[in-house]
Amino acid sequence: MDYFQYKKNELFVENVSLTEIAKKFKTPLYIYSKATLVRHINAIKSVFKNTKTTICFAYKSNSNKHLLTILKEKGLGADCVSLGELLLARKVGVNPRKIVFNGNGKTDEEIKLAIKMNIKLINVDSIEELLNVSRIAKSLGRNPEIAFRLNPEIKVSTHPHIATGLKNSKFGIPLKHALDAYNLAKKLKTVRISGIHFHIGSQITEISPFVEALKKILLFSRKLKKQKILLKYVNIGGGLGVRYKEEVPVTLKEYAKKTIPYLKKIAPETILEPGRVLIANTGILLAKVILVKRTSKNFIVVDAGMNDLLRPSMYDAYHEILPVRIFPERKRENFDIVGPICESGDVLAKKRKLQTIYSGELLAIKGAGAYGYAMSSNYNLRPKPAEVLVDGEKFYEIRPRQRIEEIL
Ligand code: LLP
């Protein structure tokens, strides 16, 4: 459910027309709806309200400081994967006891910062990394809490680039080596073993992979118990899918209902790392038609390209595209919607039936709030777009458009 709706053939975000926003802030432009974000936050909080749960928003999915501040004010923590994200979480004012640190290639500098910040948990990705964390902890005279990221080897039906729990994945420790990892950590005494972590992939719309992973993790946690290794936290990662096209993702209610019984058996406190499910449908990318080109195909060439929104090029991802103004009398045609980048792969959408459209008119690319701006680049030396937040009747810039001088 989001707050992007047509009113008399004109697309609105909450109570503001997209045309009005484009007039003020130009295009391409990321636009977010505060009411949608708050609704999603409340929804996930409410289904876990009777459990001891920390929700750490995946900063990689969207790192706009203003949006992160809203998330913080609603009580969410941060899942960070880099020095930059740790520093950003600190800048936003997130309580360090609500920050977890992930990644399969943490540098000494990053580990040092995480330990000094006294964050909740470092999710250690390998036995090799454990030795690094241990060495750094010792040199700082600290005793950080860690979890191991385990790989439960679960097949998920998502794009291969975003499935992270497969047998040959670069992430996590295979279950068959996991006991060794915990025993080694216990022996080292430089770290406190507090948790268990897994993250099996992203845009997962079914419940079964989560449950299957939990079953395996529960079995493993029993082995730990036998060795008197007691866990405080179980971290189930992120990965919940959203509806981009016709998917029917598992509801948050169902997700909670099916996972909580396992989570409770594994450890007293749960950590979640949702990104997409909170933020994807909170944002759109607004683009202007530069021209309509007709060859053997019809192309709508817009001013947003793969540098602004990489997902369609990188994952063949589907994003719904809507005209900002509907003209009911116009005929409908098939179009490919493409950007201006010098790459054949710079295609935002293929074979979409849309009303005939003309240069200067606007298109809204939906579901762009997660991994949209976050994955944007300066490819072709194009400045990054601005970001705007709508709150009822008000709207304001939450990140300025990059100036061309900044990148020359
Ligand atoms: N936790 C870990 C350890 C992760 O690696 C990720 C995402 C998340 C949490 C958040 O997952 P989410 O709830 O958003 O599914 N760029 C891709 C998605 C890459 C996801 C990477 N890891 C895309 O645009 O679809």
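Start at 1 and go down the list; that is how both ligands and their atoms are numbered.
Nearest heavy-atom pair, Cys56 versus Pro274, reported as atom, atom and distance to 0.1 Å: O-CD, 3.5 Å. Smallest separation of non-hydrogen atoms from Gly93 and Lys72: O-CD, 3.4 Å.
Checked by atom type, the side-chain pair Ser33/Glu14 shows a donor-acceptor distance below 3.5 Å.
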Practice prompt. Step by step, work out the ring pair (Phe, Tyr, Trp, His ring centres under 6.0 Å) result for Phe4 and Phe12.
Written response: CA-CA 6 Å; Phe4 296 87; Phe12 276 66; over 10 Å; no
Practice prompt. Using the side chain to side chain donor-acceptor pair (under 3.5 Å) rule, take Asn102 and Asp79 through it: C-alpha gap first, then chi angles, then the decisive distance, then the call.
Written response: CA-CA 7 Å; Asn102 276 307; Asp79 151 28; 2.9 Å; yes
Item to complete: Decide yes or no on side-chain contact (heavy atoms from CB on, under 4.5 Å) for Phe198 and Leu214, but give the supporting numbers first.
Response: CA-CA 9 Å; Phe198 62 97; Leu214 280 167; 3.7 Å; yes
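The shortest N/O to N/O separation between Tyr371 and ligand 1 falls below 3.5 Å. Between Gly275 and ligand 1, at least one pair of N/O atoms sits closer than 3.5 Å. For ligand 1, the polar-atom distance check finds no N/O of Pro274 at less than 3.5 Å from any of the ligand's N/O atoms. An N or O contact shorter than 3.5 Å links Ser202 to ligand 1 by distance.
The residue from Arg311, Glu273, Lys60 that puts a heavy atom closest to atom 4 (C) of ligand 1 is Lys60.
Heavy-atom proximity to Ala58, at under 4.0 Å, picks out these atoms of ligand 1: 10 (C). Close contacts between ligand 1 and Asn102 involve ligand atoms 3 (C) [criterion: under 4.0 Å to a heavy atom]. When each atom of ligand 1 is checked for a heavy atom of Arg149 under 4.0 Å away, the hits are 3 (C).
With respect to Glu387, the salt bridge (charged side-chain N to carboxylate O under 4.0 Å, His left out) criterion is satisfied by exactly one of Arg399, Lys65, Arg401: Arg399.
Residue Gly239 places a heavy atom under 4.0 Å from ligand 1. Ligand 1 lies within reach of Met375, whose nearest heavy atom is under 4.0 Å from it.
Pairs engaging residues 177-188 under the side-chain hydrogen bond (donor to acceptor under 3.5 Å, both in side chains) rule: Asn183-Gln227 [sequence neighbours left out].
The proximity of Phe171 to ligand 1, defined as any non-hydrogen pair under 4.0 Å, does not occur for either the backbone or the side chain. Residue-level proximity to ligand 1 for Val277 is absent, since no heavy atom of it falls below 4.0 angstrom.
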